[in-house]
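Notes for the one structure printed next.
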Amino acid sequence: MSAERNQVGIIGAGPAGLLLAHLLAQHGIESVLVENRSQEYVQARIRAGVLEQGTVDLLVSSGAGDRLQREGLEHGGIYLQWPGERHRIDFHELTGKSVWVYGQTEVVKDLIAARTQAGHEIHFEVSDTSVTDLETDTPKLSFTTADGTARTVACDVVVGADGFHGPSRTSIPQARRQTWERTYPYSWLGILAKVAPSTDELIYAWHPQGFAMHSMRSSEVSRLYLQVDSSDSIEAWSDDRIWEELSTRLGIEGWTLDTGPVTDKSITPMRSFVSSPMRHGRLFLAGDAAHIVPPTGAKGLNLAAADVAVLADALVEYYRDGSEAGLDSYEERALQRVWRKTHFSWWMTSMLHTSGDDDFDRQLQMAQLRYVTSSPAAATSLAENYVGLPLAVRSVHQ
Ligand SMILES: Cc1cc2nc3c(=O)[nH]c(=O)nc-3n(C[C@H](O)[C@H](O)[C@H](O)COP(=O)(O)OP(=O)(O)OC[C@H]3O[C@@H](n4cnc5c(N)ncnc54)[C@H](O)[C@@H]3O)c2cc1C
């Protein structure tokens, strides 16, 4: 076993861990980055695909956004739909901002390339990851490398960017942890298909048979979702059945859904989850390690990016000035944004998914959909949340 020293230990090479390592490297701050999966696996993991303007600006200003600028699709709005009606929410007009369609797989590839090209290592396929001595000035990150070498690295700070199932959150003593959770009584069946999108912008469709969504990853690849029962298995959904159901739920007169080969399909549960504290001693949590939102508002990846933007700022300040002010206020700044997006994601989810046969709920959903598509004030509220609020949520009275 070898004893080593590094400035920042980062667990997880998902978007949060990779982006943090990249932002720190820009300021000459060194990090050791460990990931329990292989590089091929993390680069192929199909997940999010809508980036807020703030996330795009961060990637571009950090030098990791060249391909995103070339290949990303800028969208100035979304469509909201229910049987017989399709309405556009115009983000440009309402907020002056837009969102970008660019797969999480591509963000991850770009960040891995940036780190590798800068000559910094990512330890893929590690095992036995653990953190200790969190309440001292030198927390330790331990792991076993792919070739079986056990390593312990003493750091100034360790960051848990290891997603919902990683070990960081549970390293915080149970007595200190508080969690808030909502599990929705439905899941999302998502497919990736080799077919040009049948729409120029994302369609969010309310339908009595359940929510459906038409998204995309590029001009040749479509991403589509169906609300399914939480107990459904993917085997029960043949490709033909999926396309038929998508055509019904997304259908509107004068429009057809083009179909193509399905290259990936999976079912994901819908959950809202927030865990506090996001800091314990010298351990900081970022991204899905601390919070999960249902994907309806396209916020998970953007929240992860926002966390690490705040944390990177705080660490730069710490190494530059010796000040811990930014580290001390990290949780408060991050959590304000987390709860705002938790609310928005819950609100979008509740407005668009059917649950049981409660006609009262359905009438409320219709009333809300008509309101957000007809009132500029309501549409602006949806639009500004969708394109992303500024990093620090400030009081309107300031
Ligand atoms: C199945 C799934 C589907 C999703 N689909 C969508 C979607 O369609 N649309 C949308 O907007 N959002 C979606 N999301 C949300 C979005 O992808 C996440 O919010 C985003 O990935 C968060 O990034 P992260 O870096 O915080 O966490 P993650 O991406 O989860 O990264 C955490 C990393 O830590 C690694 N890790 C875990 N344990 C260890 C360990 N012991 N040692 C070392 N490394 C470890 C993991 O392998 C992983 O690479 C989805 C999320 C999931 C889980």
Side-chain angles (χ1 to χ4, degrees), residues 8 10 12-29 31 33 35 39 42-78 91-92 95-122 159 161 197 200-202 215-221 223 286-288 295 297-316 334 337 341 384 386-392:
V8 181
I10 303 175
L18 286 165
L19 181 57
L20 179 64
H22 176 66
L23 294 174
L24 295 179
Q26 302 264 292
H27 292 270
I29 300 169
S31 58
L33 176 54
E35 164 62 49
Q39 179 171 349
V42 296
Q43 292 190 165
R45 195 165 38 192
I46 308 296
R47 289 187 175 174
V50 177
L51 305 183
E52 293 176 359
Q53 184 80 59
T55 307
V56 171
D57 293 347
L58 185 63
L59 287 164
V60 170
S61 66
S62 74
D66 289 354
R67 198 161 66 91
L68 159 60
Q69 281 180 301
R70 279 197 315 274
E71 298 177 16
L73 307 173
E74 185 177 2
H75 283 193
I78 55 167
F91 296 158
H92 267 152
T95 69
K97 293 184 185 162
S98 44
V99 292
W100 293 69
V101 168
Y102 191 67
Q104 181 167 329
T105 46
E106 308 314 299
V107 173
V108 165
K109 280 182 209 161
D110 293 347
L111 289 168
I112 289 176
R115 183 163 175 92
T116 314
Q117 276 156 22
H120 303 299
E121 204 178 348
I122 302 171
V159 178
D200 57 340
E201 291 174 334
L202 274 59
S215 181
M216 62 202 72
R217 288 295 178 264
S218 69
S219 52
E220 286 115 41
V221 177
R223 176 88 167 137
D288 278 18
K299 291 297 161 212
L301 170 57
N302 293 295
L303 255 187
D307 282 356
V308 298
V310 174
L311 192 51
D313 257 10
L315 285 164
V316 169
R337 189 182 184 84
K341 293 196 176 186
E384 72 172 2
Y386 200 100
V387 299
L389 291 159
L391 268 185

Item to complete: Please identify each residue that fulfils salt bridge (Lys or Arg N to Asp or Glu O under 4.0 Å) with E52, with sequence neighbours left out.
Response: K299, R337, K341
Practice prompt. Only pairs at least two apart or in different chains count here, so list each salt bridge (charged side-chain N to carboxylate O under 4.0 Å, His left out) that has a residue in residues 95-104.
Written response: none
Worksheet entry | Side-chain heavy-atom pair H22, L111 within 4.5 angstrom cut-off | yes
Item to complete: Using the test side chain to side chain donor-acceptor pair (under 3.5 Å), find all partners of D200 that sit at least two apart in sequence or belong to another chain.
Response: Y79
Response to the item:
R217 meets the side chain to side chain donor-acceptor pair (under 3.5 Å) criterion, sequence neighbours left out, with none
Worksheet, complete the sentence: Residue set satisfying side-chain contact (heavy atoms from CB on, under 4.5 Å) with L58, at least two apart, ordered chain then number -> L19, L23, A309
Worksheet item: Got a donor-acceptor contact below 3.5 angstrom from the T95 side chain to the H92 backbone?
Response: no
Worksheet item: Who are the side chain to side chain donor-acceptor pair (under 3.5 Å) partners of N302, not counting sequence neighbours?
Response: T55
Discussion item. My understanding is that only residues two or more places apart in sequence, or in another chain, count here; which of them pass side-chain contact (heavy atoms from CB on, under 4.5 Å) with L73?
Written reply: H75, V101, M216
Worksheet entry | Minimal non-hydrogen separation, L24 against A312, with atom names | CD2-CA, 4.2 Å
Worksheet entry | CD-CD1 distance between E35 and I122, expressed to the nearest 0.5 angstrom | 9.0 Å
Discussion item. Test of understanding: with side-chain contact (heavy atoms from CB on, under 4.5 Å), list the residues that count as partners of A48, not counting sequence neighbours.
Written reply: Q104, L301
Fill in: Pairs involving residues 107-116, ordered by first then second residue, that meet side chain to side chain donor-acceptor pair (under 3.5 Å) (sequence neighbours left out)
S31-R115, R67-D110, Y102-D110, E106-K109
Worksheet item: Who passes side chain to side chain donor-acceptor pair (under 3.5 Å) against E74, sequence neighbours left out?
Response: S98
Practice prompt. Under the side-chain contact (heavy atoms from CB on, under 4.5 Å) rule, collect the residues that match up with S218, sequence neighbours excluded.
Written response: E220, V221
Discussion item. Side chains of L68 and V107, heavy atoms from C-beta outward: is any pair under 4.5 Å?
Written reply: no
